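Heads up: the structure comes next, in structure tokens.
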Amino acid sequence: MALGAQVKAPSARIVRLRILITVCLNLVIALVLTGGLVWLAGRPGLRHRVDLTINQENTLDENARAIIDQLPGPVEIDVFFRPFGPPLEAIGAQIQGRMFEILILAEEYAPDKIKLTNHPYAPPGAGGAELMAEMQRLGISESNLFVVSYGDRRVAMKLLGEVAEIDLGNPTRRQGAYRPPSLVSFTGLQSLVKGLLRVTQGEKPLILFTSGQGERAIFESEDRDLGKLHTALVADGFRVEKWDPSEDGAIPEECAGLAIIGPEEPFSVEATGWIAEYVRGGGSIIAAPGLRLTGGQGSVTDILSRLGIIVQPGIICQPVINAAGMPVFESPKCAEVILRSDGMRTTHPITEPLRRGDRRVRLIFSHGLERGTPPREGILLDILRTTEYTWEEFPNEDGSFGWRWDQGREREGPFTVAMTSTFPPTVMGPVIPGTNSLQRECRVLALGTPEAFVNALFDVNRDFLINSFNWASEREFRVSVSPRKLDDRRIAVGQDRTLFYLNLIAIWGLPLLCLGLGGLAAWRRRR
Amino acid sequence: MKGLATIYRRELAGLFVAPLAWILLSISYAMTGWLFVTILKDTGGDIIASVRFSSGESLPYWAFMIFLPPLLTMRMISEESRNGLLEFLLTSPVSDGAVVLGKFLAAWTFMALFWSSNLIYAAALHGLGAPPDWPPVLGGFLGAVLVSGLFCSIGMLSSSLTSTPILAAFGAFIGNVLVLLLPHLAGLFDATWLHEEVESVDVMSHFHRTFLVGLLDTKVLVFFSAWTGFFLFMASRAVEAKRWR
């Protein structure tokens with residue numbers, strides 16, 4: 001029998017089956033390769049992102065990234081945004097959009113640390129019941145907030161109030177001209193950072209405000225009190241209490257920072273000793289002398305001079321610029337000094353974020369500060385300096401102020417109005433709960449005026465103050481600043497012939513050019 | 001790939017020697033131009049909003065994206081298959097991959113030319129003294145070109161599966177719509193794993209989170225390139241299958 005007759009040709013069915021298997025294999029292999037390639041491209045080591053925007057709008061603040069890096073485990077963020085009712089539809093959508101972008105950025109920066117879940121509105125019968133159950137599980141009953149959860153710890157951050165503040169305007173025209181609601185402040189990144197820290201940090205550092213020597217009241221809401229600062233510090237994760245040396249005795253070991261804001265009387269010898277002992281053990285102080293600059297043992301000037309910071313007697317002034325751009329003197333308003341980013345130290349944790357964010361600090365009736373002799377191995381740094389267009393005002397013989405630069409007896413700027421002094425402790429202090437460091441460092445921040453802390457100026461100085469307390473309590477990793485203002489580029493469409501030219505190019509020019517080329521192509525084809 | 005350049009040139013010439021492509025471009029430019037100027041007027045001259053609108057933040061943008069590629073690719077393989085021209089091509093010394101890739105590149109070039117209108121608008125604004133933030137504009141253009149590439153490759157696959165151009169266009173259109181609506185379709189099912197899987201292949205969210213906001217992400221670049229490659233590979237397999245018939 002011939003060999004060829006033994007080899008049977010495969011049937012058509014088998015051939016089709018083979019082709020089918022080949023096609024399926026091709027499909028599966030291609031799918032696996034594609035999926036694998038995309039998966040590989042998403043791995044942290046291989047993935048690269050380049051922010052092309054001029055303001056780096058798609059990049060998280062450096063400090064926020066540091067905080068996310070330090071998260072102990074995966075944090076869940078549940079978003080419950082709903083459309084706002086009139087007249088807040090547009091402004092509400094803007095706030096929601098900006099906040100959601102920040103949350104997405106955070107998740108994309110560290111997908112292993114942050115898990116974002118959006119819960120869009122669902123009507124009853126189409127997932128509404130599940131949504132309500134989820135809200136109940138998270139312990140919330142309203143929307144337009146996001147919930148940050150870490151294990152059993154949970155915190156809800158509301159869009160209005162915590163993330164953004166709005167001015168309702170005058171949308172109904174009841175009080176004059178129409179004015180739409182507008183955004184007063186947006187602190188989305190801070191809110192996220194606060195939420196993350198609140199759920200991941202167990203201990204809250206204790207800040208003590210001295211009292212009993214005529215200091216500003218920390219729980220009051222009058223313009224010259226410190227109620228807003230107190231609220232902001234608590235919201236930022238601090239415990240804030242008063243320390244009256246005559247009642248409370250020595251400063252407790254757990255104190256992460258001692259605030260001495262504008263005492264009008266000196267501390268007692270005993271209290272001065274407790275403060276010195278606290279500093280020797282690695283304690284931190286934020287101090288501002290009272291407006292009536294008292295001297296002598298136990299005064300703020302005395303305490304600061306021992307730490308290397310000399311408070312000058314004069315008031316730092318600058319001319320007021322009127323509407324015509326001309327300098328105006330002989331007004332108490334000259335005692336108001338505004339520090340812009342060029343007057344802030346570039347490399348210090350307190351001022352560096354403010355410089356980047358182009359923030360300002362406003363001081364009233366501030367004394368100048370000068371370098372003295374710091375404690376052993378100490379370092380003094382000027383962190384806020386006025387411009388050269390300032391002078392140090394001294395009272396006249398009758399005690400009144402002239403608010404005009406007297407070249408003969410008054411110095412010209414620039415002046416330092418905020419200074420830090422850091423030095424190693426002489427006695428090993430305890431580990432302070434809620435702070436960033438095991439080996440403490442003595443940190444002192446002096447400001448030339450207590451007015452920088454008061455309710456009336458708090459909104460302007462907020463970032464500077466919060467950064468200061470975080471630095472003093474050695475929680476620099478919390479120092480943050482609002483995201484930059486989004487880029488706003490506009491063209492005056494109602495002026496000149498701008499619109500005409502745009503119409504000419506976009507609506508007429510390009511299409512007619514294409515039509516012309518099409519006609520040319522048709523004509524050439526016919527020939 | 002041998003013959004790739006020749007096929008690309010032939011297809012490109014086929015597109016631009018005929019007046020149809022120019023008319024299509026003209027109508028599309030007129031519509032996008034009108035939308036751009038209208039948005040610019042409505043937003044009080046907001047350049048970023050207008051550029052974003054014409055670069056992916058609008059329904060017309062996605063309508064062009066899902067309609068144009070099928071119209072361009074519908075005839076590329078299916079009509080040649082019907083006329084018998086494909087057999088000549090396949091018997092010539094060029095690979096199936098070169099045939100598919102050459103035709104795809106021609107369609108892709110047309111789409112790139114179409115989206116370049118955004119660059120022209122941005123240049124016009126620049127010339128009028130209001131320069132836009134150029135890197136995101138260029139990123140938006142790159143994104144538009146990459147998404148068009150994906151949809152053109154779907155069109156190529158559809159065109160290679162049938163001998164009827166209209167059917168190919170319809171198939172590609174349905175494919176494009178499915179790709180865009182996949183997350184919404186997945187939302188109909190109550191399965192978290194499905195939502196997560198679909199989210200990882202969501203074209204719109206990949207585009208919106210990166211190119212549209214001025215972010216260049218290598219993962220997204222690979223995502224669009226890999227899936228375009230996948231559909232082109234399948235198209236070349238489908239062309240190869242025609243040899244067996």
Side-chain angles (χ1 to χ4, degrees), chain A residues 19 23 26-27 30-31 33-43 46-55 57-59 101 104 108 127 130 486-494 496 498-499 501-503 505-522 524-525, chain B residues 16-30 32-34 36-37 40-41 43-48 117 120-121 124-125 127-133 135-136 138-139 190 200-201 209-210 213-223 225-227 229-230 233-234 237 241 244:
Chain A
I19 292 172
V23 168
N26 269 320
L27 182 68
L31 265 177
L33 276 176
T34 308
L37 205 60
V38 174
W39 179 83
L40 263 181
R43 293 306 89 202
L46 299 172
R47 190 177 184 183
H48 297 284
R49 292 153 60 93
V50 183
D51 190 350
L52 300 172
T53 56
I54 203 160
N55 281 348
E57 287 159 19
N58 302 303
T59 306
E101 277 179 17
I104 287 173
E108 291 191 340
E130 290 82 1
L486 292 177
D487 195 14
D488 186 22
R489 290 163 187 253
R490 286 181 188 273
I491 189 167
V493 286
D496 306 327
T498 308
L499 207 56
Y501 287 125
L502 275 175
N503 276 325
I505 295 165
I507 301 179
W508 298 106
L510 270 179
L512 285 178
L513 178 71
C514 290
L515 268 186
L517 288 169
L520 186 69
R524 284 186 66 178
R525 273 186 97 179
Chain B
F16 286 103
V17 165
L20 185 67
W22 293 109
I23 292 169
L24 205 61
L25 264 183
S26 174
I27 295 169
S28 306
Y29 277 167
T32 54
W34 178 78
F36 178 76
V37 175
L40 199 64
K41 273 194 287 189
T43 56
D46 189 337
I47 293 171
I48 294 174
S117 61
I120 296 170
Y121 303 150
L125 289 171
L128 290 168
D133 192 2
L138 293 171
D190 190 20
S200 66
V201 291
R209 286 183 184 185
T210 54
V213 294
L215 193 66
L216 215 57
D217 188 337
T218 52
K219 183 195 168 190
V220 179
L221 291 176
V222 171
F223 170 83
S225 308
W227 282 108
F230 169 78
F233 172 75
M234 295 315 292
R237 296 298 88 188
W244 305 338

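Throughout, protein chains are lettered first and strands after them, A, B, ... in sequence-line order, and every chain is numbered starting at 1. Atom set for the values below is all heavy atoms of this structure, side chains included, hydrogens, waters and symmetry mates excluded. This structure is a prediction, so every number in the text was calculated from the model and none was measured.
In this structure, the separation between CG on Asp46(B) and CG on Leu40(B) is 8.0 Å, given to the nearest 0.5 Å. Atom CG of Leu216(B) and atom CZ of Arg49(A) lie 10.5 Å apart (nearest 0.5 Å). Glu108(A) contributes atom CD, which lies 8.5 Å from atom OG1 of Thr210(B) (distance to the nearest 0.5 angstrom).
Of the listed residues (Leu520(A), Val50(A), Val38(A)), the one with the most heavy-atom contacts under 4.5 Å to chain B is Val50(A). Your options are Ser26(B), Ala21(B), Gly33(B), and the one with the most heavy-atom pairs under 4.5 Å with chain A is Ser26(B). Between chain A and the options Leu138(B), Ile120(B), Ile23(B), Leu20(B), the largest number of non-hydrogen pairs under 4.5 Å is found for Ile120(B). Top candidate by heavy-atom pairs under 4.5 Å with chain A, chosen from Pro136(B), Gly139(B), Ser225(B), Ala130(B), is Pro136(B). Between chain B and the options Leu517(A), Leu37(A), Leu513(A), Asp51(A), heavy-atom pairs under 4.5 Å are most frequent for Leu517(A). Annotation: maximal heavy-atom pairing with chain B below 4.5 Å, among Ile505(A), Leu512(A), Leu515(A), Leu40(A), occurs at Leu515(A). Options Leu52(A), Asn26(A), Leu510(A), Thr34(A) differ in how many heavy-atom pairs under 4.5 Å they form with chain B, and the most are formed by Leu52(A). Chain B forms more heavy-atom pairs under 4.5 Å with one residue of Leu31(A), Leu33(A), Leu46(A) than with any other, namely Leu31(A).
Residues Phe36(B) and Leu125(B) have side chains in contact (heavy-atom distance under 4.5 Å, counting atoms from C-beta outward).
With hydrogens and angles disregarded, a donor-acceptor distance shorter than 3.5 Å links the side chain of Trp22(B) to the backbone of Phe16(B).
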**Asked** Can Asp217(B) and Phe223(B) be said to form a side-chain contact (heavy atoms from CB on, under 4.5 Å), step by step?
**Response** CA-CA 10 Å; Asp217(B) 188 337; Phe223(B) 170 83; over 6 Å; no
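In this structure, chain A has a heavy atom under 4.5 Å from the side chain of Phe233(B), while its backbone stays farther away.
Among all heavy-atom pairs drawn from Lys219(B) and Arg47(A), the shortest one is CB-NE, 3.6 Å.
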